[in-house]
Protein chains: 2
Amino acid sequence: MAEPVRATPPTTLLPVILAALEEDIVFGRLHPRERLIEEEIAARFGATRHTVRQVLVELERLRLIERIPNRGALVKAYSPAEVQQLYALREMLETQAAALIPLPLGDDALAPLHALQRRHAQAVAASDARAVFRADLAFHRALYAHCGNVFLAETIEELGQRAQVIRYASLRSQASMEWARDQHAAMLDALRDGERDTLVTLCAAHFHPARQAYLSQHPALLS
Amino acid sequence: MAEPVRATPPTTLLPVILAALEEDIVFGRLHPRERLIEEEIAARFGATRHTVRQVLVELERLRLIERIPNRGALVKAYSPAEVQQLYALREMLETQAAALIPLPLGDDALAPLHALQRRHAQAVAASDARAVFRADLAFHRALYAHCGNVFLAETIEELGQRAQVIRYASLRSQASMEWARDQHAAMLDALRDGERDTLVTLCAAHFHPARQAYLSQHPALLS
DNA sequence: GTCAACGGGATTGTCGACAAAATCATCGAC
DNA sequence: GTCGATGATTTTGTCGACAATCCCGTTGAC
């Protein structure tokens with residue numbers, strides 16, 4: 001149990017619980033292999049068990065938990081080999097997507113990206129991990145939306161969500177967050193100036209520190 | 001409504017309904033945009049509405065239907081542009097996966113693939129569309145399992161499932177099914193002989209006819 | 001001492017019924 | 001004749017309660 005109950009309007013508790021549990025997992029307040037008990041969660045949020053159940057289904061779809069019939073839900077754990085493979089695939093997809101974005105990107109398209117970049121930078125400045133998390137997600141989604149392939153963009157986002165647990169290991173350090181911020185800025189410059197190679201390189205290397213951090217922090221996850 | 005009720009043990013109706021609806025959609029007995037009504041389905045299979053509801057959630061996860069809050073579930077439709085993009089991504093991923101499979105593949109690994117190939121060939125010979133469908137799926141899953149990246153294999157399979165609705169447009173013709181069968185055989189030869197270029201080319205071109213068939217059959221899906 | 005059967009408590013799964021929302025046909029105003 | 005409101009009907013969403021299953025500590029036999 002990590003956070004106190006949050007006062008909310010009587011209906012639509014579902015998205016609140018979903019976001020809360022998502023963050024609990026991503027920020028490591030719930031550890032890999034930890035069990036999620038429906039009734040506990042229901043009590044925490046003042047919701048019915050039915051609502052919690054739907055949230056768990058959704059978390060399973062996001063691959064943040066695993067649900068075993070009659071046994072309950074566990075926070076998913078990734079072995080080092082899986083981390084390597086997941087990141088290899090992400091690198092492949094994001095490289096391809098970066099190669100597909102039409103360059104240079106016009107101001108109409110750049111403006112929203114700059115806005116998201118500012119939001120991210122502000123969150124970093126405020127050391128607000130939760131805001132950094134959300135802003136980073138939004139920035140990458142907006143970036144890859146320009147690759148011209150809805151399914152590629154969707155797949156990249158899904159894999160990003162799956163990697164959130166891993167990524168957070170690096171989000172913890174202020175230095176890493178600042179590094180990501182500067183990389184985002186460099187990406188925007190490359191988009192503006194039409195520097196394809198720079199962009200592709202930036203996208204490919206963007207998440208290496210996260211992988212490293214996770215592997216060094218969880219040396220014993222050889223399940 | 002397409003099929004009669006099937007007598008089954010009292011419990012675990014869920015997978016039965018899931019498989020039935022999946023085939024109804026893939027084989028075009030349920031058309032794009034057609035509405036799936038919970039109570040009708042429940043009555044057809046003698047299940048409770050709760051069970052049907054879970055099936056619909058699962059079908060949504062497979063991207064075969066779309067569920068709109070308070071409005072119900074619709075069979076998903078793809079616009080020509082989406083079909084192009086989906087197939088472009090599949091081609092990219094399957095090409096990469098084919099490039100990652102260690103060659104030549106040993107007999108231990110080839111034997112199960114040959115078995116699946118035989119199953120597929122028999123289904124084609126019997127003109128059993130349902131069996132062809134399942135066998136084709138199993139063959140490709142087993143093939144790409146050798147690429148060494150679980151997530152890549154999973155993603156390929158998911159995109160394949162999403163494309164099933166489209167793919168079936170070509171599965172209809174006996175000639176197309178025989179063509180697929182011969183391509184599978186050629187893939188196995190390339191795997192055995194270590195002919196990387198042949199394999200990659202085969203994998204990349206494997207589903208072109210399906211895309212063409214879908215686009216020519218649904219010219220008006222420009223939603 | 002080990003292991004298998006057993007039971008109490010905890011946890012998940014399913015059901016029937018009711019509530020909320022959307023759809024559709026009808027009706028009236030302009 | 002078209003358009004917008006109104007109410008009945010269809011359809012989906014949610015709830016509380018009960019059933020099934022699993023977990024785990026205990027007991028007893030060998």
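Residue numbers begin at 1 in each chain, while the letters A, B, ... track the order of the sequences. Remember, it's a predicted structure, so these values are computed and weren't measured experimentally. Just the heavy atoms: all of them, side chains too, but no hydrogens, waters or symmetry mates, feed the values below.
Put simply, CZ on A:R53 is 14 Å from P on C:dT11, counting in whole angstrom units. In this entry the distance linking CD1 of A:I41 with C1' of C:dT11 reads 12 Å, nearest Å. As rounded to whole Å, 13 Å separates atom P of C:dT11 from atom CG of A:L36. Nucleotide C:dT23 holds its C1' atom 8 Å from the CZ atom of B:R35, rounded to whole Å. A:L13 has its CG atom 17 Å from the P atom of D:dG13, to the nearest Å.
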Any chance you could lay out the side-chain contact (heavy atoms from CB on, under 4.5 Å) test for A:Q96 and A:L93, step after step, and finish with the verdict? CA-CA 5 Å; A:Q96 294 269 2; A:L93 290 178; 5.7 Å; no
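The aromatic rings of A:W179 and A:H206 lie parallel to each other, their planes meeting at an angle below 30°, with 60° marking the opposite boundary.
The phosphate of D:dC15 has OP1 or OP2 within less than 4.0 Å of a side-chain N or O from A:T51. In terms of phosphate contacts, B:T48 brings a side-chain nitrogen or oxygen within less than 4.0 Å of OP1 or OP2 of C:dC15.
Taking the six-membered ring wherever Trp is involved, the centroid distance between the rings of B:F139 and B:H120 does not fall below 6.0 Å.
Checking D:dT12, C:dT12, D:dC15 against every side-chain atom of A:E39, the shortest atom distance belongs to C:dT12.
Between A:M177 and A:D136, every side-chain heavy-atom pair lies at or beyond the 4.5 Å cut-off.
Within residues 54-70 of chain A, the residues that have a heavy atom under 4.0 Å from DNA chain D are, in order of number, A:Q54, A:N70.
The base of D:dG13 has none of its N or O atoms less than 3.5 Å from a complementary donor or acceptor on the side chain of A:H50.
Between the side chains of B:Y144 and B:E94, at least one donor-acceptor pair of N or O atoms lies under 3.5 Å.
A salt bridge is absent between A:R44 and A:E39; no separation between the charged side-chain nitrogens and carboxylate oxygens falls under 4.0 Å.
Mapped onto DNA chain D by nearest heavy atom, A:R49 and A:R71 fall at different nucleotides, with A:R49 at the one closer to the 5' end.
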